[in-house]
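Values below: every heavy atom of this structure, side chains too, minus hydrogens, waters and symmetry copies.
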Number of protein chains: 2
Amino acid sequence: MKTSLKILEKYNLVKTQARLDILDIFTEKSAALSEGEIEDSLCGSCDRATIYRTLNLFTLKGILHEIANGSTIRKYTLKKKPERHLHFECNLCGEIVCLTGISLPDYRLPEGFTEQEAHFLIKGICKACYEA
Amino acid sequence: MKTSLKILEKYNLVKTQARLDILDIFTEKSAALSEGEIEDSLCGSCDRATIYRTLNLFTLKGILHEIANGSTIRKYTLKKKPERHLHFECNLCGEIVCLTGISLPDYRLPEGFTEQEAHFLIKGICKACYEA
DNA sequence: GTTTATGCAAATTCTTTGCAATACT
DNA sequence: AGTATTGCAAAGAATTTGCATAAAC
């Protein structure tokens, strides 16, 4: 069965075309995506409001994960385990990719602080842009 | 001489009241600030557009540093050395503070990737909220 | 006196919401 | 059939911009 369908079933969500289409994009692309990029990929087959509502729903359910980037445009990726991993945002092309396979730096929070999520973002020049 | 005045001189910027006032707030407060919070602090003595223009100018000049949080509201702090340090955002009160004094062991980026900035954001419950 | 910054208002961009129409179970 | 989702349009929030006025050098 298709991955996207499986995800909707796992989370007990109504299976609609919009949700399947949006999940398809995320399972195909490894980079983080914004609402606008999804809208472009779907070529108008799905309304902007629906995309926003779907992104919010998926984030709430834990299917997607919102990247802490320095911009006002929200970007999302499929949520992966382990939760704590590095993201790399290219200052030239703007792509945000997950750097899996890189061990995270270790740190200790001060007394009294409790960690719930960690967002590690490295900004710089990605391999593709460097070689271009 | 006042710190704010020194900063403007160091960066060769025209010394205006708005810039001094905004810098004063940053030197007094340790938490990251948004345009809205600065506007409130200034009680209308400075226009919204001016605050935005000033924040952008200071960021461009390297006086301020934009925090990579996951929200649509931009927050800034005075730029400190070392550039790579942890920020902690409280999920209850929303405050973002710099966790200086926490050492970040090294990590290695994959071949071909060049680092220009690192943004490490831990989200959770801050000490003040935990104790309240 | 010239250059640069500010204030105001309007425009842009990103995101959310109300509501009737449609799709899903 | 009944509930949940979508599309449309309008509203909202954050940020930027044009232009005349005011402040800084």
> About how many Å separate OG1 of A:Thr59 and OH of A:Tyr76, when rounded to the nearest 0.5 Å?
Replying inline: 5.0 Å
>> Contact list please: residues 41-53 of chain B against DNA chain D, heavy atoms, distance less than 4.0 Å, in numerical order.
In response: B:Arg48, B:Ala49, B:Tyr52, B:Arg53
>> Quick check: on DNA chain C, is the nucleotide nearest B:Val14 upstream (toward 5') of the one nearest A:Ile73, or the reverse? Name the residue that is more 5'.
In response: B:Val14
>> Is any side-chain heavy atom of A:Asn91 closer than 4.5 Å to one of B:Gln116?
In response: yes
>> Holding to side-chain hydrogen bond (donor to acceptor under 3.5 Å, both in side chains), I want the full list of residues that pass it with B:Gln17, two or more places apart in sequence or in another chain.
In response: B:Asp21
> Can we call the ring centroids of A:His65 and A:His119 under 6.0 Å apart?
Replying inline: yes
> Does A:Lys15 come within less than 4.0 Å of A:Glu9, counting only side-chain N to carboxylate O?
Replying inline: yes
>> Do A:Leu23 and A:Phe58 have side chains that approach each other closer than 4.5 Å (heavy atoms only, starting at C-beta)?
In response: yes
>> Using the side-chain hydrogen bond (donor to acceptor under 3.5 Å, both in side chains) criterion, which residues pair with B:Arg19? Sequence neighbours excluded.
In response: none
>> Side chains of A:Leu55 and A:Ile38, heavy atoms from C-beta outward: is any pair under 4.5 Å?
In response: yes
Atom pairs and distances, side-chain donor-acceptor, residues 41-49 of chain B, under 3.5 Å, sequence neighbours left out:
| from | atom 1 | to | atom 2 | distance (Å) |
| --- | --- | --- | --- | --- |
| B:Ser41 | OG | B:Glu37 | O | 3.2 |
| B:Ser45 | OG | B:Leu42 | O | 3.2 |
| B:Asp47 | OD2 | B:Ala49 | N | 2.9 |
| B:Arg48 | NE | B:Glu39 | OE1 | 3.1 |
| B:Arg48 | NE | B:Glu39 | OE2 | 3.3 |
| B:Arg48 | NH2 | B:Glu39 | OE2 | 2.8 |

> Hey, does A:Ile63 have a side-chain heavy atom less than 4.5 Å from the side chain of A:Phe26?
Replying inline: no
>> Which is more 5' along DNA chain C, the nucleotide nearest B:Thr72 or the one nearest B:Thr16? Just name the residue.
In response: B:Thr16
>> Could you tell me the boundaries of the chain B footprint on DNA chain C, defined by atoms under 4.0 Å from its heavy atoms?
In response: C:dT4 to C:dT15
> Want to settle it: does B:Lys15 or A:Ala18 sit nearer the 5' end of DNA chain D, counting the closest nucleotide to each?
Replying inline: A:Ala18
>> By nearest atom, which of the nucleotides D:dT6, D:dA4, D:dT16 is closest to the B:Arg74 side chain?
In response: D:dT16
> Over its full length, what angle do the end axes of the helix from C:dG1-D:dC25 to C:dT25-D:dA1 make, each axis taken from five pairs and the result rounded to 10 degrees?
Replying inline: 30°
